[in-house]
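Working notes, structure below.
First listed ligand is number 1; within each ligand, the first listed atom is number 1.
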Amino acid sequence: MSGAGRKTALITGVTGQDGAWLARLLLDKGYTVHGVKRRASSFNTGRIDDLYVDPHEGETRFRLHYGDMTDATNLIRLVQETQPDEIYNLAAQSHVMVSFETPEYTANADALGPLRLLEAIRILKMEERVRFYQASTSELYGNAGETPQTEATAFAPRSPYAVAKLYAYWITVNYREAYGLHASNGILFNHEGPTRGETFVTRKITRAAAAIAAGRQGCLYLGNLDARRDWGHARDYVEGMWRILQQDAPGDYVLATGETHSVRAFAEVAFARAGLALDWRGRGVEERGVCRATGRTLVRVDPRYFRPAEVNALQGDAVRAREVLGWRPKTRFRDLVHEMVDADMAALAGGATMQDAPAFADE
Ligand code: NDP
Ligand code: GDR
């Protein structure tokens with residue numbers, strides 16, 4: 001622990017959706033937080049700018065460091081310099097569709113990245129001191145034979161992303177068993193919110209609903225409307241991550257809402273919130289969402305968004321997290337969708353432009 005009994009956390013992926021929520025949570029709990037960010041040619045700290053205090057202007061418990069999951073020496077130095085009590089490994093190439101286009105890079109960052117961090121802990125002889133959290137995922141289950149999925153459900157990954165995360169899951173378990181590390185996996189089902197990346201389906205839909213309602217966009221193109229996911233709120237899930245590392249014993253936990261909804265249902269709720277009632281006509285590739293009021297087609301299916309191998313449906317059972325961690329998600333599906341649409345409508349009303357996420361950035 002650092003000064004005044006304060007705990008120190010190192011968060012990789014701090015500029016991402018979850019990293020920003022987690023940094024906020026840990027700062028509120030009195031932690032000193034070190035975040036790892038990547039060098040980029042333009043600003044990439046939009047989600048955490050409000051947490052940043054210029055070190056020239058005063059004391060801060062939040063510090064940023066350059067780093068990359070593909071750079072082992074950098075990670076070793078960061079662990080050594082920051083001397084964390086807790087490491088949250090959230091950094092990853094996290095887009096499933098993109099992983100089909102960049103499989104080798106995804107494996108490097110998402111599979112070998114966690115290994116590099118675990119090795120850093122060993123090399124620095126910090127096994128006794130550090131607790132390690134690995135951002136594992138419901139994508140590990142693929143098209144699981146069992147519903148709902150629990151910690152005991154067999155893994156059957158369906159993308160280069162999920163295969164890389166499978167390695168990360170097991171190397172975390174292995175370092176726990178082999179070296180006695182306090183290393184845990186959170187097997188998190190999809191979690192979203194107003195700061196969700198714009199190319200994941202939920203945010204793509206809520207941005208489009210807001211933009212179409214404001215007359216700034218004509219139509220939304222989507223892929224598989226029948227895919228089903230267990231969608232929760234990121235704010236609730238980072239609380240679960242923290243609770244996992246507060247346990248005396250390390251372990252692996254599912255975090256999920258227990259509810260599943262289709263992409264189509266998500267779009268209906270989102271468009272309705274923006275004042276646009278969707279009706280579906282046709283099937284398969286022809287399928288389209290027609291606005292009941294105007295008869296205009298607002299959603300079309302574009303096969304380019306179909307995945308080479310799809311995960312059809314996910315639904316988690318977080319009974320272990322409930323019983324051991326006392327964790328429950330607080331946000332219901334409809335409230336989540338409404339919060340996201342409201343935030344996107346407010347952003348547009350406040351002068352945001354569609355150029356904030358260019359059209360070619362949709363996966
Ligand atoms: P995001 O895509 O929003 O954030 C990913 C973060 O990782 C960003 O900060 C990104 O930096 C960083 N990053 C990517 N590649 C590297 C690299 N090579 N080196 C260093 N940093 C890198 O993801 P989420 O916040 O949604 O998810 C957090 C973690 O949880 C990820 O590991 C994801 O796979 C996993 N997960 C997410 C779920 C979800 O529903 N959100 C569910 C289950 C697991 P930059 O900002 O520069 O791109
Ligand atoms: P997912 O999230 O793959 O579950 O991974 P995503 O929102 O990308 O896809 C969810 C489902 O929606 C279908 N879909 C579309 N997806 C996108 N992105 N764009 C579309 O136009 C579209 N149309 C339909 C997909 O086929 C899929 O079935 C997320 C990420 O956060 C991972 O990092 C994390 O591990 C898992 O959630 C749990």
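- Remark: ligand 2 atoms within the under-4.0 Å shell around heavy atoms of Tyr161 are 32 (C), 33 (O), 34 (C), 35 (O).
- Within the 4.0 Å heavy-atom cutoff, Phe306 does not count among the residues contacting ligand 2.
- Considering backbone and side-chain N/O atoms, Tyr305 never comes within less than 3.5 Å of an N/O atom of ligand 2.
- For ligand 2, the atoms sitting less than 4.0 Å from at least one non-hydrogen atom of Thr199 are 18 (N), numbered in the order shown with element in parentheses.
- Just one residue in the list Arg203, Arg273, Arg235 forms a salt bridge (charged side-chain N to carboxylate O under 4.0 Å, His left out) with Glu339, and that residue is Arg235.
- The atoms of ligand 2 that sit less than 4.0 Å from any heavy atom of His95 are 18 (N).
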Hey, mind stepping through Ile205 and Val201 against side-chain contact (heavy atoms from CB on, under 4.5 Å) and telling me if it holds?
-> CA-CA 6 Å; Ile205 291 170; Val201 77; 4.0 Å; yes

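- Evaluation of the side-chain hydrogen bond (donor to acceptor under 3.5 Å, both in side chains) rule for Thr106 yields Gln93, Thr102 as partners, not counting sequence neighbours.
- By the 4.5 Å heavy-atom criterion applied to side chains, Arg39 and Ser41 are counted as neighbours.
- Here's the thing with Thr137: one of its N/O atoms is less than 3.5 angstrom from an N/O atom of ligand 2.
- Close N/O approach between Phe200 and ligand 2 is not found [any backbone or side-chain N/O within under 3.5 Å].
- Around ligand 1, the residues contributing at least one heavy atom under 4.0 Å from the ligand are Gly13, Thr15, Gly16, Gln17, Asp18, Arg38, Asn44, Asp68, Met69, Leu90, Ala91, Ala92, Ser94, Tyr105, Ala109, Ala135, Ser136, Thr137, Tyr161, Lys165, Leu188, Phe189, Asn190, His191, Arg196.
- Contact check on Glu86 versus Lys7 returns a salt bridge, with a Lys/Arg side-chain nitrogen under 4.0 Å from an Asp/Glu carboxylate oxygen.
- For ligand 2, the atoms closer than 4.0 angstrom to any heavy atom of Ser94 are 30 (C), 32 (C), 33 (O).
- The closest approach between a heavy atom of Lys165 and any atom of ligand 2 is not below 4.0 Å.
- Listed by number with element, the atoms of ligand 2 under 4.0 angstrom from any heavy atom of Val96 are 3 (O), 5 (O).
- Taking only nitrogen or oxygen atoms, main chain and side chain alike, Ser138 does not reach within less than 3.5 Å of ligand 2.
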Output, in order, the C-alpha distance, side-chain angles, deciding distance and verdict of side-chain contact (heavy atoms from CB on, under 4.5 Å) for Leu298 and Arg296.
-> CA-CA 6 Å; Leu298 301 184; Arg296 243 180 77 207; 3.5 Å; yes

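- Checking each of Glu119, Gln134, Glu127 against Tyr175 for a side-chain hydrogen bond (donor to acceptor under 3.5 Å, both in side chains) leaves exactly one that passes, namely Glu119.
- Within a 6.0 Å sphere centred on CZ of Arg63, other residues, nucleotides and ligands contribute more than 12 heavy atoms.
- For ligand 2 and Gly223, the ligand atoms under 4.0 Å from any heavy atom of the residue are 21 (O), 22 (C), 23 (N), 24 (C).
- Close approach of ligand 2 to Arg307 (heavy-atom distance below 4.0 Å) involves ligand atoms 1 (P), 3 (O), 6 (P), 8 (O), 9 (O), 16 (N), 17 (C), 18 (N), 25 (C), 26 (O), 27 (C).
- Between the choices Ile205, Val201, Asp302, the shortest heavy-atom distance to atom 7 (O) of ligand 2 belongs to Val201.
- A perpendicular orientation is assigned to the rings of Tyr169 and Phe155, their planes being inclined by more than 60° (bins at 30° and 60°).
- Every N/O-N/O distance between Leu222 and ligand 2 stays at or above 3.5 Å.
- With sequence neighbours excluded, no residue forms a side-chain hydrogen bond (donor to acceptor under 3.5 Å, both in side chains) with Trp327.
- With values rounded to the nearest 0.5 angstrom, Arg328 atom CZ is found 13.5 Å from Glu239 atom CD.
- The aromatic rings of Phe266 and Phe333 sit perpendicular to each other, their planes meeting at more than 60°, with 30° as the lower class boundary.
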Walk me through it: do His233 and Trp21 pass the test ring pair (Phe, Tyr, Trp, His ring centres under 6.0 Å)?
-> CA-CA 11 Å; His233 199 302; Trp21 281 110; 5.6 Å; yes

I would like to know whether His95 and Tyr161 meet ring pair (Phe, Tyr, Trp, His ring centres under 6.0 Å); could you show each step before the answer?
-> CA-CA 7 Å; His95 205 287; Tyr161 166 79; 9.0 Å; no

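- Scored by the side chain to side chain contact (heavy atoms under 4.5 Å, CB included) test, Arg116 finds Thr70, Ala72, Leu75, Asn108, Leu112 as partners (sequence neighbours excluded).
- Under the 4.0 angstrom criterion for non-hydrogen atoms, Arg196 is in contact with ligand 2.
- Residue Glu310 has at least one heavy-atom neighbour below 4.0 Å for each of these atoms of ligand 2: 25 (C), 26 (O), 27 (C), 28 (O).
- Under a 4.0 angstrom heavy-atom cut-off, Met97 registers as lying outside contact with ligand 2.
- By the 3.5 Å distance cut-off applied to N or O atoms, Arg229 is counted among the residues near ligand 2.
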